[in-house]
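Input: a single structure, listed below in structure tokens.
Note that the structure is predicted; figures quoted are calculated from it, not measured. Chain letters run A, B, ... following the sequence lines, proteins first, then strands; residues in each count from 1.
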2 protein chains.
Amino acid sequence: MSPTIHDVARAAGVSIKTVSNVVNDNPKVGPETRLRVHRIIEALGYRPNLSARGLRSGKSGVIGLAVPSLRENYFAELADSVIRAAKKHDLRVLIEQTDGDRQQEISILTGGRMRFIDGLLFSPAEIGQQDVDVLSGIEPIVLLGERIFGGPTDHVTMHNTSSAKAATEHLLDLGRRRIALIGASDSADDAASSANLRERGYHQALAEAGIEEDPRLVIRGGKWTRETGLDGVRHFISNGIVFDAIFALNDTLALGALRALVHAGLRVPEDVALIGFDNIDEGSFSIPTLTSVDPGRLEIAETAVDLLIERINEKGERSAPRTVKAAFSIIKRESTGFATDDAGPPQ
Amino acid sequence: MSPTIHDVARAAGVSIKTVSNVVNDNPKVGPETRLRVHRIIEALGYRPNLSARGLRSGKSGVIGLAVPSLRENYFAELADSVIRAAKKHDLRVLIEQTDGDRQQEISILTGGRMRFIDGLLFSPAEIGQQDVDVLSGIEPIVLLGERIFGGPTDHVTMHNTSSAKAATEHLLDLGRRRIALIGASDSADDAASSANLRERGYHQALAEAGIEEDPRLVIRGGKWTRETGLDGVRHFISNGIVFDAIFALNDTLALGALRALVHAGLRVPEDVALIGFDNIDEGSFSIPTLTSVDPGRLEIAETAVDLLIERINEKGERSAPRTVKAAFSIIKRESTGFATDDAGPPQ
DNA sequence: ATAGCACGGTACAACGTTGTACCAATATGC
DNA sequence: GCATATTGGTACAACGTTGTACCGTGCTAT
């Protein structure tokens, strides 16, 4: 068995509390005692037992991150950013995957699977406004992304509508007029879903430009996968629907669409300009490179961790929930005609 | 505060042990008592405190996974597979990133940062044979990938050499004779590194085919990133080195190379056939889709979790370390001339 | 009738830590 | 020279669980 604080205390001829004080840099211990204890700790290879510490202090030093799947690039990159942000505060991250499944999402929130984490960063995919009550659990939660507004928890999100509007305007600036939208929701119910928020920006931009919309240009339904993007373009082509630009509601859709465009012999950006959303790493290496909305992933991760830590350390009354929106930007690359000679690494 | 086992016991009029027995499906409790306790648990929303349980049982139900970075697709996908495999055994996964940095790798192994995990899956990038001693820590460790052989721990790996040989043979079968290698190591010291093992397979295949090698076709040094792949191809072109195929030692390198090839107006696979290694998701959506060596990621993850669990449950003497190699296969796609009409999702 | 036993349950200690309360010795103030 | 801080330390309880040992009741087998 690994040595405990008792073993160290015995070997050093002091009380266990003194060892504890040394370990925690508690001032109440003289310099030479401190040195002696440190030496014994080193010699024995003592490491505090985090379960015991967690039990005693009520903190484990671990936060949870629940995302649909790490196989979706955006979430892998988000997880990377979260782990880095957490590390700065000496926190570790436990990752759960929900597969975008409502049952699994709820089970994580209620199941107590994560009982010893100090707090949870939760990126919901399916649960929405109607599930607000399951969020009022005990542990601090910070929500990432959309779907639940006015809930009882902090919320870090992005400028979905205005950035989507900016993306559409970028295509309009290129002179495109028949701009397709891929990845729209097939249900208007959940007005706060990413899909519906972003779609709103699309409509706003077109309206302000005085463009008459063709509803056939909007592909609804389907998961935000490459298949959906690919099928969307195929649908346009096989039905003779003409388009000169595509706004895909995330990069994965855009990359799927890109594949179908190339396959069909359409040139990007000459025949069709293409813009995605998320600015995943892959977009700077696709052929052509992909113009995309950068939703501020790094800022989202860092803000979320900061908010969560505040909640964890909050004593007494829980203060009112806050919502933070990260700054966005449009990253212009080859798929809308902007040369990126050197396909450099993303930030 | 959340309710404890004591609250439940008081409300149900039983002892805390009985509640514990109910929670753990211990048989020593009558049906109606069990029902009553269950009801109270439900009503109070009681969830066992995992820190306390962990302290008492010496197990936390959490395993660690240390990888260079989730931003590298292979590791994101590996993490996904590990989380899924762990979930089947009701284990949770805590992820640490080492950034492929030797200091960070060592600090994870020695630092006790992960003190309350039951075991660690460790995917080393920098530490090697010379660091074998830091592995003989207390907690069970299973190594993923290469670099350390004959160490004191279990080891789940892949058929690096024979699969690399098969990859090269695949290119030879297409009639290619000037096969470039991208991603080779610039140090022959660490014979057990993935790079050197795979390179050996390349040489073996060429030798058996009776092909005289041109050392200029081997690009050494650089991280396994898209940039390195891209730079490799640029180097060939700008130096007038002729080649008709590329074996990239991982898919990221291959995708970088692909970008440079397209940029240079070379057709894949007509002018240059291309094969990668890892079979990451992205390869089935690149343009053209990427032929790759599938190293058996799923099998690796599941085997590793199984081995780790065995170690965790092992009592007394630690048995001899084992090494398992997963089965590989060559996934033939467009980059070596195999049509994949429908760019379907990977397994 | 009684030993034996299964059943359903309880009491208590222990896991390894840290907070609270306390204490002894030395230094400080007037 | 005596009260009073200050410093460096100790003892003990408590965090919430589960394993071990135990106990009472009622049933079965002799």
Side-chain angles (χ1 to χ4, degrees), chain A residues 1-38 40-41 44-62 112-118 138-139 313 315, chain B residues 1-38 40-41 44-62 112-118 138-139 313 315:
Chain A
M1 277 286 96
S2 17
T4 79
I5 206 171
H6 288 94
D7 300 324
V8 178
R10 203 173 312 120
V14 294
S15 74
I16 55 169
K17 188 66 227 273
T18 297
V19 178
S20 169
N21 286 337
V22 170
V23 171
N24 297 287
D25 276 329
N26 209 309
K28 293 192 139 198
V29 45
E32 82 274 15
T33 320
R34 183 177 297 270
L35 186 65
R36 181 157 38 101
V37 171
H38 262 133
I40 305 274
I41 286 177
L44 266 55
Y46 165 77
R47 302 289 165 195
N49 177 315
L50 297 188
S51 283
R53 181 177 283 177
L55 172 59
R56 176 66 234 220
S57 66
K59 302 257 161 75
S60 63
V62 177
R113 288 175 50 67
M114 309 196 83
R115 198 75 178 81
F116 72 103
I117 61 171
D118 296 339
I138 312 97
E139 63 202 348
N313 295 331
K315 300 175 204 309
Chain B
M1 278 285 95
S2 20
T4 78
I5 207 171
H6 289 93
D7 301 323
V8 177
R10 203 173 313 118
V14 294
S15 74
I16 55 168
K17 189 65 226 277
T18 297
V19 178
S20 170
N21 286 336
V22 169
V23 171
N24 297 287
D25 276 330
N26 211 308
K28 294 193 135 200
V29 47
E32 83 273 15
T33 319
R34 182 176 297 270
L35 187 64
R36 180 157 40 102
V37 172
H38 262 134
I40 306 273
I41 287 178
L44 266 56
Y46 165 77
R47 302 289 165 195
N49 177 314
L50 296 189
S51 283
R53 181 177 283 178
L55 173 59
R56 177 63 235 221
S57 66
K59 303 257 162 76
S60 63
V62 177
R113 287 175 49 69
M114 309 195 83
R115 199 73 179 83
F116 72 104
I117 60 171
D118 296 339
I138 312 97
E139 62 201 349
N313 295 329
K315 300 174 203 310

Begin from the C-alpha positions of B:K59 and B:N313 and carry the test side chain to side chain contact (heavy atoms under 4.5 Å, CB included) through to its verdict.
CA-CA 10 Å; B:K59 303 257 162 76; B:N313 295 329; 3.9 Å; yes
Which is it for A:S20 and A:N26 under the side chain to side chain contact (heavy atoms under 4.5 Å, CB included) test, yes or no, and what are the steps along the way?
CA-CA 8 Å; A:S20 169; A:N26 209 309; over 6 Å; no
Audit row: A:R36, A:T33, side chain to side chain contact (heavy atoms under 4.5 Å, CB included) steps and yes/no
CA-CA 5 Å; A:R36 181 157 38 101; A:T33 320; 3.7 Å; yes
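Nearest-nucleotide positions on DNA chain C place B:E32 closer to the 5' end than the other of B:E32 and A:I5. Taking for each of A:R36 and A:S57 the nucleotide of DNA chain D with the nearest heavy atom, the 5'-most of the two is the partner of A:R36. Of the residues near DNA chain C, A:K28 and B:V14, the one whose nearest nucleotide (by heavy atom distance) lies more toward the 5' end is B:V14.
Distances were taken from every side-chain heavy atom of A:R56 (C-beta onward) to each of D:dT10, C:dG16, D:dT18; the shortest belongs to C:dG16. Taking only side-chain atoms of A:R53, from C-beta outward, the nucleotide of C:dG9, D:dT17, C:dT17 with the closest atom is C:dT17. The listed nucleotides are C:dG16, C:dG9, C:dG8; the one nearest the side chain of A:N49 is C:dG16.
Judged by distance alone, with hydrogens and angles left aside, the side-chain atoms of B:N49 form a donor-acceptor pair with the main-chain N or O of B:S51 at under 3.5 Å.
Here the C1' atom of nucleotide C:dC15 and the CG atom of B:L55 are 4 Å apart, to the nearest Å. Computed from coordinates, the A:L50 CG to C:dC15 P distance equals 18 Å when rounded to whole Å. Atom-to-atom, CG of B:N21 to P of D:dT17 comes out at 13 Å; the value is rounded to the nearest Å. The CD1 atom of B:I16 sits 10 Å away from the P atom of C:dT10 (whole-angstrom rounding). Between A:K59 atom NZ and D:dC15 atom P there is a gap of 17 Å when expressed in whole angstrom units. In this structure, the CG atom of B:L35 is 12 Å from the P atom of C:dG9, given to the nearest Å. In this structure, CG of A:D118 is placed 19 Å from P of D:dC15, rounded to the nearest angstrom.
Between the base of D:dG19 and the side chain of B:K17 there is a donor-acceptor pair shorter than 3.5 Å.
B:T4 comes within 4.0 angstrom of sugar-phosphate atoms only, judged by non-hydrogen atoms across all strands, and of no base. Counting any heavy atom pair closer than 4.0 Å across all strands shown, A:N26 reaches no nucleic acid atom.
For C:dT18, the OP1/OP2 oxygens have a side-chain nitrogen or oxygen of A:S20 closer than 4.0 Å. Considering only side-chain N and O atoms, B:T18 lies under 4.0 angstrom from the phosphate OP1 or OP2 of C:dT10.
The minimum heavy-atom distance between A:Y46 and A:V23, with the atom names listed, is CE2-CG2, 4.0 Å.
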